[in-house]
Amino acid sequence: NMPICIVTNNEIVAQKYIKDLNNIGLEKVCFLPKREVIFYDYEMESRENTMERATVFSKLIQNKVKILVTSIETISQKMNLKIRRYHWLC
């Protein structure tokens, strides 16, 4: 089964969707946040944000996500391919 991807116009709306989907009892709903870049170094991200994104990607690979909610900004960002080292998270 392929997951459903809901793309919103911004992260605030995406988070509202997550809340609503969880409130109606849907399971395996994940939020993919945008990549937060530290202003003085474009290649550096916050560790918490990187871990959250890695967890979501890991769940997607393992088919543990039924609904993925994200924003248009998130899907338009360049992906960081160093995520593989976090495969143990899920």
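No experiment lies behind these values; they were computed from the predicted model shown.
Side-chain atoms of Thr8 do not come within 3.5 Å of backbone N or O of Ile72 as any donor-acceptor pair. Of the possible polar contacts, none joining the Ser58 side chain to the Ala54 backbone as a donor-acceptor pair under 3.5 Å is found.
Pairs passing the salt bridge (Lys or Arg N to Asp or Glu O under 4.0 Å) check and including a residue from residues 1-14, sequence neighbours excluded, do not occur.
Using a 4.5 Å cut-off between side-chain heavy atoms of Ile, Leu, Val, Met, Phe, Trp and Tyr, Ile24 falls into a hydrophobic cluster with Ile4, Ile6, Val13, Tyr17, Ile18, Leu21, Leu26, Val29, Phe31, Ile67, Val69. Taking Ile, Leu, Val, Met, Phe, Trp and Tyr as members and joining any whose side-chain heavy atoms lie under 4.5 Å apart, directly or through other members, Ile12 forms no hydrophobic cluster with any other residue.
To the nearest 0.5 Å, atoms CG (Asn63) and NZ (Lys28) are separated by 8.5 Å. Atoms OG1 and CG, from Thr70 and Asn10 in turn, are 11.0 Å apart once rounded to the nearest 0.5 Å.
For Ser71, the side-chain hydrogen bond (donor to acceptor under 3.5 Å, both in side chains) test picks out Thr74, with sequence neighbours left out.
Between Pro33 and Arg53, the shortest heavy-atom contact is O-NH1, 2.7 Å. Closest heavy-atom contact between Lys59 and Cys30: CD-SG, 3.8 Å.
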